[in-house]
Trainee: 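Here it is, the structure in full.
FYI, side chains are in, hydrogens and waters are out, and symmetry mates aren't considered; it's all heavy atoms of this structure.
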Amino acid sequence: MRENMDWLSQLLGIITVTGELEIRCAYGAPWRISYGQSAEREIPFHVVLSGTATLESHGELSSQQLGPGDIVLLPHGSAHVLHDGSGAAPSPAHVRETANFVISENSGSGEQLDMLCGRFIVEAPHDRIIGQYLPRTLLVRSKESGAYANTASAIDQLTSLVHLMRLESQESKLGGFAMLNALSSALFTLTLRVASESSQAPTGLLALAGHPRLFPAMSAMLQEPAKQWTLPMLAQLCNMSRTTFMRHFETVLGRSATDLLADIRMSIAANALRNPSLGTEAVAELVGYQSIAAFRRIFTQRTGNTPGEWRRNARQVA
């Protein structure tokens with residue numbers, strides 16, 4: 001991995017995320033869409049192009065109001081409902097297929113909604129990092145009051161990306177399906193960038209990335225995952241005592257530094273095990289384990305498969 005690479009590039013160099021645009025919703029109020037719990041390793045997303053929507057997500061105490069340009073991800077794949085907020089019975093919707101995507105429409109005469117809906121697919125076992133360290137609902141707004149200069153710039157970039165997605169989804173263009181999926185994958189990265197630079201970054205990995213005192217520890221683990229890190233070493237990077245570091249790190253991330261380091265290492269190991277020229281002992285050494293027994297134990301705990309089982313399964317999929 002290149003030196004001095006930013007943390008998000010480091011993270012996305014480890015995990016594999018692809019995007020798929022599934023449907024474009026063109027509704028007039030009243031309307032309502034319900035989604036059940038997503039399949040394993042799938043993250044639903046919604047992009048409001050115009051109009052407004054109310055989001056109610058399982059496990060969240062309050063609803064969220066979405067406006068033009070707002071983007072919402074549900075990293076845990078939570079069941080959720082989107083509606084116009086009127087409480088009226090929704091107008092029946094029908095589906096119209098185009099060459100590259102599907103349009104869902106209704107005959108509602110109220111406020112008009114234009115929204116893109118899709119999903120991100122995270123390869124195993126990288127879904128553990130996404131699911132464990134991102135919030136249940138990740139909402140990025142097209143306009144953030146009091147945004148920092150960097151955040152405002154990233155929001156402008158995100159707005160431009162959404163505009164391009166709108167253009168690609170207006171009609172059946174040559175290569176449109178491939179373009180929309182490529183833009184959806186870029187949407188994942190840019191959404192995380194905006195969220196991490198926001199002044200209101202949620203608790204978890206994004207909040208940790210934006211924490212000036214704790215970030216050096218996170219960056220170091222991503223940059224040198226095989227190094228024999230100890231809590232005192234990480235605490236020293238943050239100019240904190242071991243006890244203070246542990247307390248603040250767990251408060252911001254929701255998990256311990258050793259948990260994060262282990263998950264980073266196991267994701268790297270899973271990628272390396274796909275290489276038939278690398279034995280299990282070499283992979284263990286690659287991610288900082290001198291004991292192959294300890295590596296096997298932790299890998300099995302984190303992925304549900306032994307390294308050998310993982311290698312065989314990956315070979316069958318390929």
Side-chain angles (χ1 to χ4, degrees), residues 1-17 43 73 75-76 120 122-123 125-140 148 150-151 153-154 188-272 286-289 295 298-299 301-303:
M1 187 174 292
R2 291 179 57 188
E3 292 184 6
N4 301 322
M5 184 182 292
D6 68 89
W7 76 269
L8 187 54
S9 294
Q10 290 170 348
L11 178 66
L12 295 179
I14 297 171
I15 68 177
T16 302
V17 181
I43 300 174
L73 279 60
H76 296 201
F120 299 115
V122 187
E123 282 193 12
H126 314 308
D127 54 313
R128 180 179 177 88
I129 290 181
I130 297 300
Q132 298 284 347
Y133 298 106
L134 290 181
R136 297 183 67 87
T137 304
L138 178 58
L139 173 59
V140 170
Y148 299 131
N150 287 346
T151 306
S153 174
F188 182 81
T189 303
L190 200 47
T191 299
L192 293 190
R193 176 192 292 175
V194 173
S196 67
E197 293 177 349
S198 169
S199 59
Q200 299 176 341
T203 300
L205 195 64
L206 301 178
L208 187 64
H211 196 290
R213 293 194 65 192
L214 294 173
F215 175 73
M218 170 185 163
S219 179
M221 286 187 281
L222 283 167
Q223 187 69 45
E224 298 182 90
K227 187 169 180 175
Q228 299 302 303
W229 294 110
T230 64
L231 288 173
M233 290 168 64
L234 293 171
Q236 186 175 20
L237 289 176
C238 301
N239 295 315
M240 296 180 182
S241 69
R242 178 180 180 274
T243 302
T244 301
F245 169 75
M246 290 173 59
R247 183 176 69 253
H248 286 297
F249 199 98
E250 292 188 28
T251 298
V252 173
L253 185 65
R255 294 180 179 272
S256 69
T258 52
D259 278 336
L260 178 59
L261 179 59
D263 282 328
I264 292 170
R265 285 174 167 175
M266 293 310 105
S267 278
I268 295 172
N271 293 337
L286 177 69
V287 293
Y289 288 87
F295 168 70
I298 295 175
F299 188 89
Q301 288 174 349
R302 303 275 164 160
T303 68

Trainee: Closest approach of Ala195 and Leu206, non-hydrogen atoms and distance?
Mentor: CB-CD1, 3.6 Å
Trainee: Heavy-atom distance under 4.5 Å between the side chains of Leu192 and Leu138, does that happen here?
Mentor: yes
Trainee: Does some side-chain heavy atom of Thr230 sit less than 4.5 Å from a side-chain heavy atom of Arg242?
Mentor: no
Trainee: Kindly indicate whether the side chain of Leu222, heavy atoms from C-beta on, has any atom under 4.5 Å from the side chain of Ile14.
Mentor: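 Sidechains of Ile14 and Leu222: in contact.
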Trainee: For residues Arg213 and His248, determine if any side-chain heavy atom of one lies less than 4.5 Å from a side-chain heavy atom of the other.
Mentor: no
Trainee: Atom SG in Cys238, atom CE in Met218: separation rounded to 0.5 Å?
Mentor: 11.5 Å
Trainee: Would you say Gln236 has more than 12 foreign heavy atoms packed within less than 6.0 Å of its CD?
Mentor: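 For Gln236, atom CD is not crowded (no more than 12 foreign heavy atoms under 6.0 Å).
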Trainee: Any donor-acceptor pair under 3.5 Å linking the side-chain atoms of Thr258 with those of Ser256?
Mentor: yes
Trainee: With rounding to the nearest 0.5 angstrom, report the CG to CZ distance, Leu231 to Phe245.
Mentor: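 Those atoms lie 6.5 Å apart.
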Trainee: For Glu224, give me all partners under side chain to side chain donor-acceptor pair (under 3.5 Å), at least two apart in sequence or on another chain.
Mentor: none
Trainee: Donor-acceptor pair, Gln228 side chain versus Gly288 backbone, under 3.5 Å?
Mentor: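 The answer is yes, because a donor-acceptor pair under 3.5 Å joins these two groups.
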Trainee: Closest approach of Leu214 and Met240, non-hydrogen atoms and distance?
Mentor: CD2-CE, 3.8 Å
Trainee: Is it true that, when you exclude Arg247 itself, more than 12 heavy atoms of the residues, nucleotides or ligands shown sit nearer than 6.0 Å to its CZ?
Mentor: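 Yes, the 6.0 Å shell around CZ holds more than 12 heavy atoms from other groups.
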Trainee: Can you classify the ring geometry of Phe295 versus Tyr289 as parallel (below 30°), tilted (30 to 60°) or perpendicular (above 60°)?
Mentor: tilted
Trainee: Which distance, rounded to the nearest 0.5 Å, do you find between the CG of Asp127 and the CD1 of Ile43?
Mentor: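 Answer for the CG-CD1 pair, Asp127 versus Ile43, is 8.5 Å.
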Trainee: Checking Glu250 against Asp259 for the side-chain contact (heavy atoms from CB on, under 4.5 Å) test, could you report, in this order, the C-alpha distance in whole Å, the side-chain angles of both residues, the deciding distance, and whether it holds?
Mentor: CA-CA 10 Å; Glu250 292 188 28; Asp259 278 336; over 6 Å; no
Trainee: Looking at residues at least two apart in the chain, or sitting in another chain, which of them share a salt bridge (Lys or Arg N to Asp or Glu O under 4.0 Å) with Arg128?
Mentor: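 Residues passing salt bridge (Lys or Arg N to Asp or Glu O under 4.0 Å) with Arg128: Asp263.
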Trainee: Heavy atoms, side chains only, cut-off 4.5 Å: are Phe249 and Leu260 in contact?
Mentor: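 Result yes, sub-4.5 Å side-chain heavy-atom pair found.
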Trainee: Could you walk me through whether Leu11 and His126 pass side-chain contact (heavy atoms from CB on, under 4.5 Å), step by step?
Mentor: CA-CA 10 Å; Leu11 178 66; His126 314 308; over 6 Å; no
Trainee: With Asp6, which residues qualify under salt bridge (Lys or Arg N to Asp or Glu O under 4.0 Å), at least two apart?
Mentor: none
Trainee: Locate the shortest heavy-atom distance separating Ile264 from Pro225; write the atom from each residue and the value.
Mentor: CG2-CB, 4.1 Å
Trainee: Look at the side chain of His76 and the backbone N and O of Thr137, then say whether any donor-acceptor pair between them is shorter than 3.5 Å.
Mentor: no
Trainee: What I'd like to find out is whether the side chain of Trp7 reaches to under 4.5 Å of the side chain of Ser196, using heavy atoms alone.
Mentor: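 Yes - at least one pair of side-chain heavy atoms lies under 4.5 Å apart.
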